[in-house]
Amino acid sequence: MSNTDVLIVGSGAAGLTAALNLADRFRVTVLAKGALNEGSTAWAQGGIAAVLEPGDTFDNHVEDTMVAGAGLNDRDIVEFVVENAPAAIERLTQLGVPFATEGTDGKGALHLTREGGHSHRRIVHVADATGWAVQEALQRAAEAHPNITLVPDQVAIDLATSRHEQRYSGAGNVWGVYAVDRNTGRVNLYTARATILATGGAGRTYLFSTAPRGATGDGIAMAWRAGARVSNMEMMQFHPTCLYNLEVKNFLITEAVRGEGGRLVNPATGRRFMSDYDAERMELAPRDVVARAIDAEIKRYGLDYVHLDISHMPADFVKGHFPNIHDKLLGLGIDMTTQPIPVVPAQHYTCGGVVIDRDGRTDLPGLYAAGECTESGLHGANRLASNSLLECFVFGEACADHIAAHWDTLPPVPVIRPWDESRVTDSDEEVVIKQNWTEIRRFMWNYVGIVRTTKRLERAQHRIQMLTGEVADYYGHFRVTPDLIELRNLLQTAELIVRSALHRHESRGLHYTLDYPETLAEAVDTVLVP
């Protein structure tokens with residue numbers, strides 16, 4: 001057993017921001033599921049949204065966020081995050097994130113790009129690999145701090161709660177997590193007076209996703225099992241333009257390609273089709289509109305993909321703006337300066353999650369959460385581009401501030417029972433896990449994808465009920481492995497998504513159903529109570 005002051009599950013932007021804000025006063029342990037830089041943060045190409053351009057205002061950014069979120073956002077939270085954005089950028093600059101500037105000497109004003117749904121240029125970026133630069137800077141600072149312990153290869157199984165105390169209690173406190181070590185297979189108990197979930201989203205519930213392999217909804221599933229409310233899980237964002245390539249899975253073609261002039265073309269007809277779906281905003285319409293348009297073209301014409309074409313722009317311009325994408329595509333035999341890029345929509349971001357307040361507190365005493373695993377009220381029914389990293393910095397800091405301010409009210413950790421595996425054996429059939437994993441991702445893609453119907457949702461629900469019994473039986477009899485833990489969490493997350501989708505009798509933002517195509521007058525969150 002390992003005890004620390006504050007335990008953070010997840011080593012991306014939200015987790016490391018919280019750690020760095022706490023470490024001057026407290027001992028902090030950060031658990032990573034794999035390598036420290038394997039989460040979604042390192043994959044974020046776009047950038048971070050902040051009001052920095054003359055003529056832009058906080059009100060504009062708030063309004064753009066509310067419009068994208070189809071009114072389901074919490075305006076107070078949106079204002080809180082937007083107003084804290086410039087300070088977050090400033091701190092990242094101090095940590096050494098080399099944001100692109102206007103001048104060649106690196107001393108000019110920050111270069112701002114524009115993305116779908118934004119009324120102004122307000123995206124600060126590091127070429128087309130912002131997340132990687134942010135992850136490196138945060139990780140470098142965390143590794144250098146004597147009070148931060150970074151532990152890779154720990155797959156969290158469940159939260160340790162009052163139920164696991166030596167003297168059983170129903171108080172619902174969270175005291176840390178049980179996690180299996182990928183290398184030894186041993187289950188470790190990590191305890192702390194405060195625990196922060198920064199575990200990312202649930203993209204891997206779907207067949208096509210831009211999320212890293214580890215995005216299996218772990219934090220959401222663990223918090224739900226421990227008794228926390230979960231909200232708006234039906235709001236799954238699909239990124240319109242993921243590279244279609246059978247060898248390379250989930251390579252994202254950033255929204256900024258459309259922001260800088262890229263056009264969507266139907267390869268069968270050769271025509272630009274966004275004029276049929278959103279003639280005013282065309283390719284810069286919000287993601288849900290563009291994703292549904294591509295989905296409709298693919299289904300209507302029986303295509304595998306559509307084309308994203310920026311070859312009409314000067315070659316130097318394209319290479320200068322998108323060096324990483326250009327190189328990657330060249331390696332696959334596509335020259336984006338002269339050829340179109342084949343793209344399909346793919347699951348991209350989990351807008352719903354564990355319910356938190358402005359301080360990052362969940363319903364359970366001692367448990368905080370930040371980033372993609374949460375539903376803070378920022379994104380509503382659809383996330384505005386480049387608000388996601390921003391949410392991580394603002395709420396990572398909010399969690400840290402609240403823990404520091406209320407440290408004396410957090411009770412010390414009682415004696416927690418160690419993990420019991422006296423009644424289990426090693427699994428004899430790993431194939432079961434693989435089969436179930438594939439099955440979930442396929443029916444979620446087909447039945448709970450971009451366009452939904454009640455009948456499809458009920459089919460998905462029926463399959464989830466059958467698999468739940470199977471997985472619970474397997475989990476009860478065999479020693480836990482990382483794959484089994486992920487399968488259990490995937491299934492739990494899928495169940496929450498489908499239940500939420502069946503509950504919403506309207507189409508709003510990312511939830512689009514043919515049975516209820518209208519949007520109701522009042523925006524109401526879907527809140528599931530365990």
Tell me the closest heavy-atom pair linking [X] and [Y], and the distance in Å.
{"X": "G55", "Y": "H120", "value": "O-NE2, 3.6 Å"}
{"X": "P212", "Y": "G39", "value": "CG-C, 3.7 Å"}
{"X": "I220", "Y": "G352", "value": "CD1-O, 4.5 Å"}

So, do [X] and [Y] sit near enough that their side-chain heavy atoms are less than 4.5 Å apart?
{"X": "L484", "Y": "S427", "result": "no"}
{"X": "R281", "Y": "M274", "result": "no"}
{"X": "P345", "Y": "F208", "result": "no"}
{"X": "N37", "Y": "W132", "result": "yes"}
{"X": "L16", "Y": "T41", "result": "no"}
{"X": "E260", "Y": "M313", "result": "no"}
{"X": "Q347", "Y": "T205", "result": "no"}
{"X": "I89", "Y": "I48", "result": "yes"}

May I ask you to check whether [X] and [Y] show a side-chain donor-acceptor distance below 3.5 Å?
{"X": "E518", "Y": "S507", "value": "no"}
{"X": "T65", "Y": "N387", "value": "yes"}
{"X": "N60", "Y": "S119", "value": "no"}
{"X": "H118", "Y": "R114", "value": "no"}
{"X": "Q237", "Y": "D288", "value": "no"}
{"X": "T519", "Y": "E506", "value": "no"}
{"X": "T210", "Y": "Y349", "value": "no"}
{"X": "D335", "Y": "T337", "value": "yes"}
{"X": "E234", "Y": "T526", "value": "yes"}

Practice prompt. Kindly indicate whether a cation-pi arrangement holds for R459 with F443, taking the cut-offs as under 6.0 Å to the six-membered ring centre and within 45° of the axis.
Written response: no
Is [Y] paired with [X] through a side-chain N to carboxylate O contact shorter than 4.0 Å?
{"X": "E38", "Y": "R213", "result": "no"}
{"X": "R441", "Y": "E439", "result": "no"}
{"X": "D309", "Y": "R263", "result": "no"}
{"X": "E458", "Y": "K455", "result": "no"}
{"X": "R122", "Y": "D64", "result": "yes"}
{"X": "D295", "Y": "R292", "result": "no"}

How about [X]: does its [atom1] atom have over 12 heavy atoms from other parts shown lying under 6.0 Å from it?
{"X": "R225", "atom1": "CZ", "result": "yes"}
{"X": "K299", "atom1": "NZ", "result": "yes"}
{"X": "H462", "atom1": "NE2", "result": "no"}
{"X": "R182", "atom1": "CZ", "result": "yes"}
{"X": "E522", "atom1": "CD", "result": "no"}
{"X": "Y305", "atom1": "OH", "result": "no"}

Item to complete: Using the side chain to side chain contact (heavy atoms under 4.5 Å, CB included) rule, pick out the option among K33, R488, Q492 that qualifies with T216.
Response: K33
Response to the item:
Only one of I123, D56, L52 passes side chain to side chain contact (heavy atoms under 4.5 Å, CB included) with L112, and that residue is L52
To the nearest 0.5 Å, how far apart are [atom1] in [X] and [atom2] in [Y]?
{"X": "I310", "Y": "I325", "atom1": "CD1", "atom2": "CD1", "result": "9.5 Å"}
{"X": "M444", "Y": "N446", "atom1": "CE", "atom2": "CG", "result": "11.0 Å"}
{"X": "M466", "Y": "R463", "atom1": "CE", "atom2": "CZ", "result": "6.5 Å"}
{"X": "S376", "Y": "F395", "atom1": "OG", "atom2": "CZ", "result": "4.0 Å"}
{"X": "S311", "Y": "I334", "atom1": "OG", "atom2": "CD1", "result": "12.5 Å"}
{"X": "I450", "Y": "L510", "atom1": "CD1", "atom2": "CG", "result": "10.0 Å"}

Looking only at atom types and distance, does a side-chain atom of [X] sit under 3.5 Å from a main-chain N or O of [Y], one as donor and one as acceptor?
{"X": "T468", "Y": "I464", "value": "yes"}
{"X": "E391", "Y": "E372", "value": "no"}
{"X": "T199", "Y": "G219", "value": "yes"}
{"X": "N266", "Y": "A268", "value": "yes"}
{"X": "D74", "Y": "D76", "value": "yes"}
{"X": "Y206", "Y": "V448", "value": "yes"}
{"X": "N84", "Y": "V394", "value": "no"}
{"X": "E486", "Y": "W437", "value": "no"}
{"X": "T101", "Y": "L110", "value": "no"}
{"X": "E83", "Y": "V78", "value": "no"}

Discussion item. Between D276 and R271, does the salt bridge (Lys or Arg N to Asp or Glu O under 4.0 Å) criterion hold? Intermediate values first, please.
Written reply: CA-CA 11 Å; D276 299 343; R271 65 183 286 272; 2.9 Å; yes
